[in-house]
Peer 1: 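One structure is given below, represented as structure tokens, and several questions about it will come after.
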Amino acid sequence: MPVPRPLLLLLMLLVFAASVRGEADDGTETDDIPVVGRPVDLPFSEASGWFEVHARAEPTTLQAETALTFTVTVRAVRPPRRPPQRLDLRQLRDFAEQFYIEDPGEEIRRPDDRTWEFAYRLKPRRTDVTAIPSLPFVYFNPYLLTANKGFQVLYTDPIPLHVLPHETVQVPVQAPESAFVLATGAQVLQRQKPWTPPRLGMCLALLLVPPLGCAAWYLLWRRLYPDAARLASLRRSRAARHALRALYAARRLDTETRAARIVAIVVGYLQQRLDLTIAEPTPREVALLFAQHGCSSALTEQAVRFFEACDRARFVPAEGGTGVSPVALQDSALQLILAVEVETCPTLHS
Amino acid sequence: MSYAPFLIALLLHAGPAGLTHREVLERAKEEFQEGIRLRQDREQARPHFRNAAGYFDQLRTRGVRNVALYRNLGNAYLLADDLPRALLSYHRGLRLAPNDRALRESLVEARDRVVYPTSGDLGRPGSNDRPPWLPYMPSSWLMFAAIPCYILGCVGLTRWRMVRRGRLLVAGSIALLLTAVLAGWLLVRAEEQSERQGHPLVVIARDGVLLRRGNGEAFPTRYDTPVNRGVEGRLRFARGGWVQIELSGGEIGWVPGDSVLIDRSPSESKNH
């Protein structure tokens, strides 16, 4: 019996539709996910199928900056065409702002063929984080006939969290004990200034005042003590300086020795000053020497008297009453030397 | 380390400008004592030491300057973990009292905390060969010793001119020789001081500062190794917000002006 032609066409159409349906049920069919219509502000899971999503967290009471495990479970309600991929939570602003997100690098858990579990390690940044926000899961549902509604977004429920303040370990302040000592008292409020070099005017004053003062002192001294000044000038004569020093040193000698020493000193002086050649001159020889050098009669007389006194001091016994005391002799020697210096050095007259 | 919150709090809370010096000092002492009380927990103690340092610094900007204040200031900064300012305070105190043993020890302690590069001596202060027992002669002492020596020398020579005694000549000459030595020493000090004023002390204020060949980020680095906070040097030039510094070992380079603390003269540093 011949089959009517329209019925045959209908049967062929049904067989074709059934074959297409069968391919889709066993998952082997690979439909392309359209690009148009994807949400642009949410990360896409690359999943194609019909899914449901749940999330859980462990623990939900924790300290700030300590980690919790956030697990997202995706279950296919109908056979999936493409499996879901791991979402990057750092692309979600709510998560990134409230949590440090660590990628534990774990494999995706597959409790069964239709379930995927993605684990994340989250650390609440602050104590005011109160919940893990909803996670948007974007997938493509090819089972919906309206193509423009193929991209679906499922939101997990927010998970309340109780974030405690971070427990800190007490670390003492490390410093030497002297650093903990506080200086107190009025000294802390003093105003000290570091040393600064004196200015030019002060430097000049410091430099000039002492020598100028000393010069004034010297001039004043010369005016007040002319004899002392003359004596000081005499000391410039090398012979006189030596003779005066020797006379000063002769004070320590005994009487007899001192007289002889004084005579020797004066003779030595005259040898240097007036070229006396005799070691033990008599008063007469001394008078002759002075006359040869054109000395005044007064000076000659003074020299003669000195040598006569020396002879008496050295050779006449002191008990006789005619002896000369060593002190007087020394004074006479001093006066004689001064007189000779004055007469033989014209500048000393002034 | 930012001091802005602290300074704002200080201004709002105390209004130090309205307080007398003594009141500011009292507040500094209270904060310091509180810091000591909490010293077992540095996170709690440091803000108090920082506040104490702020009050002490307030006194400094008002013109109060002495060794005790700089010692307190340096210690407060050290305990607040502000190493650069601690170093600067110790240096300022030592300028007033070079013989202050506590300040010297504190400076050594602070320098020990500076993290120098493990390789090389970049920024590391040279070793101090001066024996610790040898006192540092203050310049004012040198001055006060030189003046009497000079006067004695002049008087000795004048008196020798009067009486022609050899001892006076020797004594006067020795006194003048000593004067010359002291004056030379003083000249060296004055030169050093002038050098310090011309090239003030600079302390690196933050970690990881690179020395560059010019005054800008575009210039290449002079050394690959960065220097850390607390490294000391001398200021050479300042230009366009950058400063050229010379480190203790003679290394020269440019760094941003906000990465260093500069020990300017008191009049310049009032607002620093």
Side-chain angles (χ1 to χ4, degrees), chain A residues 166 168-199 202-203 205-222 224-225 228-229 231-238 240-241 244-245 248, chain B residues 21-22 25 28-29 32-33 35-36 38-46 49 52 56 59 63-69 71-72 74-76 78-79 81 95-97 102 105-106 109 138-140 142-143 146-147 150-151 153-155 157-159 161-164 186-187 189-190 193-194 266:
Chain A
H166 192 71
T168 55
V169 179
Q170 285 192 354
V171 180
V173 179
Q174 300 284 349
E177 276 308 306
S178 59
F180 292 96
V181 177
L182 190 67
T184 56
Q187 56 169 343
V188 186
L189 294 176
Q190 284 179 350
R191 290 170 190 259
Q192 294 178 349
K193 285 186 178 176
W195 178 82
T196 51
R199 293 178 185 279
M202 177 60 80
C203 285
L206 289 171
L207 209 59
L208 294 178
V209 165
L212 287 177
C214 288
W217 176 37
Y218 179 70
L219 292 175
L220 189 66
W221 173 80
R222 274 185 68 105
L224 292 177
Y225 306 100
L231 186 61
S233 299
L234 283 180
R235 289 201 178 101
R236 287 177 206 157
S237 159
R238 181 183 171 84
R241 190 166 66 240
L244 292 174
R245 192 180 299 153
Y248 183 76
Chain B
H21 292 359
R22 198 164 291 283
L25 179 60
K29 282 161 61 178
F32 198 90
Q33 297 296 350
I36 290 176
L38 298 170
R39 62 184 284 190
Q40 292 306 320
D41 184 356
R42 70 181 181 195
E43 295 304 320
Q44 291 190 45
R46 277 178 178 167
F49 288 125
F56 284 130
L59 286 174
V64 177
R65 290 185 182 88
N66 56 69
V67 181
L69 177 69
R71 198 185 306 133
N72 287 347
N75 287 344
L78 187 74
L79 297 172
D81 197 32
R95 223 166 37 225
L96 287 178
E105 289 174 357
S106 300
E109 167 68 24
S139 301
S140 54
L142 292 176
M143 185 87 183
I147 291 172
Y150 184 52
I151 293 173
C154 290
V155 168
L157 289 187
T158 307
R159 188 63 186 160
R161 174 84 182 169
M162 291 174 181
V163 299
R164 298 282 166 176
L186 267 174
L187 279 176
R189 286 281 175 80
Q193 188 160 344
S194 171

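Chain A is the first sequence line, chain B the second, and so forth, proteins listed ahead of strands; every chain is numbered from 1.
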Peer 1: Within this structure, what is the CD-CZ distance for the pair Q174(A) and R39(B), rounded to the nearest 0.5 Å?
Peer 2: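 Answer rounded to 0.5 Å: 9.0 Å.
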Peer 1: Taking all atoms of both residues into account, what is the closest heavy-atom pair of W221(A) and R159(B), and its distance?
Peer 2: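 Taking W221(A) first and R159(B) second, the nearest heavy atoms are NE1-NH1, 4.0 Å.
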Peer 1: For R46(B), is it the side chain, the backbone, both or neither that has a heavy atom under 4.5 Å from a heavy atom of chain A?
Peer 2: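 Neither part.
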Peer 1: Would you mind checking which part of R71(B) comes under 4.5 Å of any heavy atom in chain A, side chain (CB onward), backbone (N, CA, C, O), both or neither?
Peer 2: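 The answer is the side chain of R71(B).
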Peer 1: To check you understand the geometry: which heavy-atom pair defines the closest contact between L25(B) and V188(A), and what is its length?
Peer 2: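 Where L25(B) meets V188(A) most closely, the heavy atoms are CD1-CG1, 3.6 Å.
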Peer 1: Roughly how far, to the nearest 0.5 Å, is the CZ atom of F180(A) from the CD1 atom of I36(B)?
Peer 2: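 Reported to 0.5 Å precision, the distance equals 7.0 Å.
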Peer 1: What residue in S140(B), P138(B), A190(B) has the most heavy-atom pairs under 4.5 Å with chain A?
Peer 2: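 Sorted descending by pairs with chain A, the first entry is S140(B).
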Peer 1: Give the minimum heavy-atom separation between C214(A) and V155(B), together with the two atoms involved.
Peer 2: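 Reported closest heavy-atom pair: SG-N, 3.7 Å.
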Peer 1: Would you name the heavy atoms of P210(A) and C154(B) that are closest together and state the gap between them?
Peer 2: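 Looking at all heavy atoms of both residues, the shortest contact is CB-SG, 3.9 Å.
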Peer 1: So which heavy atom on N66(B) is nearest to which on Q190(A), and how close?
Peer 2: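 Closest pair (atom of N66(B), atom of Q190(A), distance): ND2-O, 2.8 Å.
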Peer 1: Checking heavy atoms, do the side chain of V209(A), its backbone, both or neither come under 4.5 Å from chain B?
Peer 2: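 Looking at V209(A), nothing touches chain B.
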Peer 1: Pick one of side chain, backbone, both or neither for E109(B), based on which atoms fall under 4.5 Å of a heavy atom in chain A.
Peer 2: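 For E109(B), the contact with chain A is made by the side chain alone.
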Peer 1: Find the one option among L189(A), L206(A), V181(A) whose heavy-atom pairs under 4.5 Å with chain B are most numerous.
Peer 2: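 If we count pairs closer than 4.5 Å to chain B, L189(A) comes out on top.
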Peer 1: Hey, does the side chain of Y150(B) reach the backbone of L207(A) with a donor-acceptor pair shorter than 3.5 angstrom?
Peer 2: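 Confirmed, Y150(B) side chain pairs with L207(A) backbone.
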Peer 1: Treating N72(B) as the side-chain partner and L182(A) as the backbone partner, does any N or O pair qualify as donor plus acceptor under 3.5 Å?
Peer 2: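 Side chain of N72(B) to backbone of L182(A): no pair is present.
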Peer 1: Quick one: what part of L79(B) sits under 4.5 Å from any heavy atom of chain A, side chain, backbone, both or neither?
Peer 2: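 Both parts, backbone and side chain.
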Peer 1: Measure distances from A45(B) to the heavy atoms of chain A and classify the residue's part below 4.5 Å as side chain, backbone, both or neither.
Peer 2: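 A45(B) touches chain A through side-chain heavy atoms alone.
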Peer 1: Given a strict heavy-atom distance threshold of 4.5 Å, which part of E105(B) is in contact with chain A: side chain, backbone, both, or neither?
Peer 2: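 When you check distances to chain A, no heavy atom of E105(B) falls under 4.5 Å.
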Peer 1: Write down the atom of Q40(B), the atom of Q170(A), and the distance for their closest heavy-atom approach.
Peer 2: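 Closest heavy-atom pair between Q40(B) and Q170(A): O-CB, 3.9 Å.
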